[in-house]
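In what follows, a single structure is set out as C-alpha cells and then discussed.
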Amino acid sequence: MNVYQDTTSMPLRPFLIPTLCAATALAACGDGVRISSTRSENSDAKGVLKVVETLQCPQTMGSLTRKGSASAGGTVCTYVGPKGAEVTLQLVALDGATPANVLKTFEQRLSADLPRAMAAINAAEARAQADAAAVQADAAGTAADTAQRAADTAQEAADEAAAASGDRASVRAPGVNIEANGDDATVRLPGMRIETRGDKASVRIGGFQINADDSDGSARVTGSSPDGDNVSINAQDDAAEIRAAAAGEATRASWMLTDNRASESGWRLVGYEARGPVGGPLVIATVRSRDRNRERAFEDARDLVALNAGE
C-alpha cells in the first residue's frame with residue numbers, strides 16, 4: 001500500500017469501531033430475520049405459498065409445546081416455550097383488507113406489551129425525520145453552491161493547518177481512500193463508504209445504509225438484498241425494532257420488538273412471522289418471550305408458519 005501522506009498517528013473516534021462492526025454483521029442480522037425462499041416458476045420467484053383452510057398444529061415444534069387442541073374451527077393454536085414464552089399460531093383471512101393493514105394491527109397489539117421500547121423507537125423515528133427535514137432545508141437556496149465553494153476553500157486551509165499540527169491523516173491506495181481530521185473521518189472502500197462526524201457515523205455497504213448517533217445511543221439500518229427483500233433495524237438505547245419483508249406479491253414478513261428492560265408483565269421480546277399467498281389467508285405466528293434470545297421460540301414459531309404456508 002502506498003501512503004501519500006500520513007502524519008503522526010491519530011485515534012479515530014471509538015464510536016467508529018461498533019459502527020464498522022454493525023456493517024460487517026449485516027449477514028448475522030440477516031440470520032435473525034431471514035426469509036426463506038426457493039426458486040419457482042411463479043411470478044415473484046419465491047416458493048409457492050399454500051392456501052390454508054385449517055392449521056396443522058403438531059404437539060411439539062422444537063422448544064414449543066402445544067396447549068390443548070386447535071380452537072376457532074382450526075384457525076388458532078397456542079404453544080408455550082422456554083421461560084414461559086407464548087406463541088399463538090393463527091389463520092387470518094384478509095376479508096378485503098391489505099396484508100399491510102392486517103399486520104399493522106398485530107404490531108399495535110404486540111407493541112402494547114413493550115410500551116417503553118415502542119416509545120423510544122417512536123422518539124428516535126421522529127428525530128430521524130426531523131434531521132432529514134433539516135438536511136433538506138439546509139440544502140435549499142440558490143446561494144448554497146457559492147457558500148459551499150467558499151466553505152471548501154476554508155476547509156482546505158484548515159486541513160493543511162491541522163495536518164501540520166498532527167491532527168490529520170490521509171491514506172490512499174488503489175480502491176482505498178481514508179481521510180481523517182480530528183473526530184471526523186471518511187473511509188472509501190470498494191462497495192463501502194464510512195463517514196464519521198463527531199458523535200455521528202454513516203456507513204453505506206452494498207444495498208444497506210447504517211446511520212448511528214453515539215450522543216443518544218441510536219442506530220438505524222435500512223436496505224435491500226439483490227433479490228429486493230427489504231430489512232430495517234431501528235435501535236434506541238435498550239430497545240430495537242427489526243422488520244423484514246420479501247419482494248413479490250405474496251406475503252413473507254417478520255417483525256420484532258425487543259427491550260433489555262423487562263416490561264411490567266415480564267416480556268422482553270414480542271413479534272410475529274407471517275406468510276400467505278396473494279389474496280390470503282395469512283398464517284401468522286405471534287411470539288411473546290421473557291428471553292431476548294430469539295433463536296429458540298421465534299425460530300420455532302417460524303417453522304410452524306412454514307409447515308402450514310410453505311417456504
Close side-chain approach of [X] and [Y], heavy atoms under 4.5 Å:
X: Leu304; Y: Pro58; result: yes
X: Leu307; Y: Met61; result: yes
X: Leu94; Y: Pro281; result: no
X: Leu89; Y: Val283; result: yes
X: Thr251; Y: Leu103; result: yes

Item to complete: Evaluate the criterion side-chain contact (heavy atoms from CB on, under 4.5 Å) for residue pair Glu273 and Ile284; output intermediate values, then yes/no.
Response: CA-CA 6 Å; Glu273 174 80 12; Ile284 304 175; over 6 Å; no
Is the side chain of [X] donor-acceptor paired with the backbone N or O of [Y] at a distance under 3.5 Å, no angle test?
X: Asn308; Y: Leu55; result: no
X: Arg288; Y: Thr88; result: no
X: Thr196; Y: Ala185; result: yes
X: Asp229; Y: Ala247; result: yes
X: Arg66; Y: Gly68; result: yes

Drop me the distance from [X]'s [atom1] to [Y]'s [atom2], to the nearest 0.5 angstrom.
X: Glu241; Y: Glu107; atom1: CD; atom2: CD; value: 6.5 Å
X: Asp213; Y: Lys200; atom1: CG; atom2: NZ; value: 5.5 Å
X: Arg116; Y: Gln236; atom1: CZ; atom2: CD; value: 14.0 Å
X: Ile242; Y: Ser232; atom1: CD1; atom2: OG; value: 9.0 Å
X: Leu91; Y: Cys77; atom1: CG; atom2: SG; value: 10.0 Å
X: Ser63; Y: Asp303; atom1: OG; atom2: CG; value: 9.5 Å

Worksheet entry | Test side-chain contact (heavy atoms from CB on, under 4.5 Å) applied to Thr78 and Glu86, step by step | CA-CA 7 Å; Thr78 304; Glu86 296 180 0; 6.0 Å; no
Practice prompt. Kindly work out whether a path of hydrophobic side-chain contacts (I/L/V/M/F/W/Y, heavy atoms less than 4.5 Å apart) joins Tyr272 to Val76.
Written response: no
Fill in: ILVMFWY cluster, Val231 and Met192 together (side-chain gap under 4.5 Å)
yes
Return the minimal non-hydrogen interatomic distance between [X] and [Y], and the atom names on each side.
X: Pro277; Y: Val51; result: CG-CG2, 3.8 Å
X: Trp255; Y: Phe298; result: O-CZ, 3.9 Å
X: Met256; Y: Leu269; result: SD-CD1, 3.8 Å
X: Leu257; Y: Ile121; result: CD1-CG1, 4.2 Å
X: Ala285; Y: Val305; result: CB-CG2, 3.5 Å
X: Ser224; Y: Asn230; result: CB-OD1, 3.2 Å

Worksheet item: Between Arg275 and Glu311, does at least one N-O distance fall below 4.0 Å, as a salt bridge requires?
Response: yes
Worksheet item: Stepwise, does the side-chain contact (heavy atoms from CB on, under 4.5 Å) test hold for Asp300 with Tyr79?
Response: CA-CA 10 Å; Asp300 295 335; Tyr79 288 80; over 6 Å; no
Item to complete: Take Ser289 and Arg296, measure what side-chain contact (heavy atoms from CB on, under 4.5 Å) needs, and give me the verdict at the end.
Response: CA-CA 10 Å; Ser289 176; Arg296 290 184 289 178; over 6 Å; no
Discussion item. Could you check whether Gln209 and Ser202, counting side-chain N and O atoms only, form a donor-acceptor pair closer than 3.5 Å?
Written reply: yes
Item to complete: Check the side chains of Thr186 and Arg197 for a donor-acceptor pair under 3.5 angstrom, ignoring hydrogens and angles.
Response: yes
Worksheet entry | Residue Glu53 excluded, over 12 heavy atoms near CD under 6.0 Å | no
